[in-house]
Amino acid sequence: MARKGSRLVWRDGNCIELLENGGEFFPALCSDIDEAQASVHLETYIFNLDDTGRKVLKHLHAACQRGVKVRVVIDGFGSYENAPEVARQLEEMGAQVRIYRPEPAGLGRFRFRLSRLRRLHRKVTVVDNRIGFVGGINIIDDLEDVPDDGQGPKPRFDFAVRVRGPIVQDLAKAQGLLWVRMAWRRRDDWGEFYERIKGWRQRRARALAKAQPRFEPGMRATVLLRDNLRFRQTIENVYIHALETATHDALIANSYFFPGRRLKAALRRAAQRGVRVRLLLQGRAEYALQYRACRSMYQRVLAGGIEIYEYQPSYLHAKVAVIDGCAMVGSSNMDPFSLLLARETNVFISDEGFAAELKDALERELANSCNRVTEETNARHSWLDRVCDDVSHFLLKIGVALTGHASEY
């Protein structure tokens, strides 16, 4: 899928559309759900019951009424407050729903276990095994819980892609494997389970072959997964390889930036070779610990010849990059949560036209919505700010140590 042995498996002939923010993402998603004839399989970290969440549920309900098979997987931590009610509504409309690692009730929620940090952070939807959506956008309203400076709130800055073509089958396969795995973990009737799973591969192969449409030559792309078994470092390795082979430009937008030693070294080496390396990071702290831990690294990053820009209008939630003629869009941050623990899905696209489109969108925000951080501006932070930044960095490194990966950070 994303890797076969040590090589990426590229798929040619894909049609990939860039979607910016929920304003473009949700109309496209709901329209394709309305056109679904056989199946909708949606996975998300957060499923809010705000206006946007209720709208998505309405379209899923209509699909169920048409006889479409609807499956939904939501993360038990990211959707903690809404998971029971979302699951109830989905089950009432006839959809199948599973909660990934449900959070314990009562005081059990405050008991630390490493397994509780292994979340479903990816945001993937596949419709009729023909159309896929991948990105960083949760089922949550763009304006929910965002800053308001008195001139009205601004939407989160985020991206997703709508894809058609061969990589949709890779997305569907990843969803199917997780669905079966979750069923296996919950199973208490092994006889019935064995009968249902027997011949599953053959049935699925026939279904995918039947659903596979014909496409004209299109974009070259690959699906990148991160899990805790086969694809532990796939996304990180691709970032590193792209940076190591870059010749002129690397523009990375990431909401939570706390990379490990290998990724930091690759960024620094690229800048030393003359590649222009720019980081577009949060300027508004959605989570203070992560924001301050990131900021504590600014002086060292700047000293390596890397440019830093902070996004100001609202929260930056994007996880995208343009490195020379390739583009990355997905759910994975450059932090320990994404790179060491969570299930993530990115799409890596080798197409100069698509890369230029994404780069134009990022350049627009760099010019109009960002403050550049320099060694001079960074040095103006008060001593108290610097202490808070360093303490946050230390606390986050302790958290990494608890995962057993301290040497990587």
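The structure displayed is predicted, hence computed values, not measured ones. Numbering of residues begins at 1 and proceeds along the displayed sequence.
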Between Leu18 and Glu357, is there a side-chain heavy-atom distance shorter than 4.5 Å?
yes
Apply side chain to side chain donor-acceptor pair (under 3.5 Å) to the pair Asp141 and Thr52, showing each step before the final yes or no.
CA-CA 5 Å; Asp141 193 272; Thr52 295; 2.9 Å; yes
Least distance between heavy atoms, Leu60 atom then Leu90 atom:
CD1-CD2, 4.0 Å
Return the minimal non-hydrogen interatomic distance between Ala221 and Val347, and the atom names on each side.
CB-CG1, 4.2 Å
Is any side-chain heavy atom of Arg295 less than 4.5 Å from a side-chain heavy atom of His381?
yes
I'd like to know if the side chain of Asn228 pairs up with that of Arg343 as donor and acceptor (distance under 3.5 Å, no hydrogens or angles considered).
no
Rounded to the nearest 0.5 Å, how far does OH of Tyr309 lie from CZ of Arg372?
4.0 Å
Any donor-acceptor N/O pair, Glu24 side chain to Glu20 backbone, under 3.5 Å:
yes
Take atom CD of Gln37 as the centre, draw a 6.0 Å sphere, and report whether it contains more than 12 heavy atoms from other residues, nucleotides or ligands.
no
Heavy-atom count around Gln151 CD within 6.0 Å, excluding the residue itself: above 12?
no
Looking only at atom types and distance, does a side-chain atom of Asp227 sit under 3.5 Å from a main-chain N or O of Arg230, one as donor and one as acceptor?
yes
Between Asp75 and His121, is the side chain to side chain donor-acceptor pair (under 3.5 Å) condition met? List the steps.
CA-CA 7 Å; Asp75 185 75; His121 193 242; over 6 Å; no
For Pro336 and Val400, which heavy atoms make the closest approach, and how far apart are they?
CG-CG2, 3.4 Å
Is Arg292 paired with Asp389 through a side-chain N to carboxylate O contact shorter than 4.0 Å?
yes
For the pair Tyr409 and Phe258, name the ring-plane relationship: parallel under 30°, tilted 30 to 60°, perpendicular over 60°.
parallel
Carefully, step by step, assess His241 and Glu244 under the rule side chain to side chain donor-acceptor pair (under 3.5 Å).
CA-CA 5 Å; His241 179 73; Glu244 296 286 11; over 6 Å; no
Counting only heavy atoms from other residues, nucleotides and ligands, does the tally under 6.0 Å from CD of Glu81 exceed 12?
no
Under 3.5 Å, is there a donor-acceptor pair between the Asn378 and Gln299 side chains?
yes
Would you call Asn333 and Phe257 a side-chain contact if the rule is heavy atoms closer than 4.5 Å?
no
Is the side chain of Asn14 donor-acceptor paired with the backbone N or O of Met219 at a distance under 3.5 Å, no angle test?
yes
May I ask you to decide if Asn48's main-chain N or O and Asn82's side chain share a donor-acceptor pair within less than 3.5 Å?
no
Between Gly76 and Ile99, the two heavy atoms sitting closest are CA-CG2, 3.5 Å
Step-by-step ring-ring contact (aromatic ring centres under 6.0 Å, His included) determination, Phe157 to Phe159
CA-CA 7 Å; Phe157 185 46; Phe159 292 95; 5.1 Å; yes
Would you say the side-chain atoms of Asp324 pair up with the backbone N or O of His248, donor to acceptor, closer than 3.5 Å?
yes
Neighbour count above 12 (heavy atom, 6.0 Å) for Glu352 CD
no
Determine yes or no for a side-chain-to-main-chain donor-acceptor pair under 3.5 angstrom, with Gln282 supplying the side chain and Leu316 the backbone.
yes
Under 3.5 Å donor-acceptor, Lys319 side chain and His317 backbone
yes
Flag side-chain contact, heavy atom, 4.5 Å: Glu43 against Trp179:
no
Looking only at non-hydrogen atoms, find the nearest pair between Ala321 and Ile252 and report the distance.
CB-CG1, 3.8 Å
If you compare all heavy atoms of Gly53 against all heavy atoms of Ile139, which two are closest, and at what distance to 0.1 Å?
CA-CG2, 3.8 Å
Quick one, Cys15 and Val163 - any side-chain contact, counting heavy atoms below 4.5 Å?
no
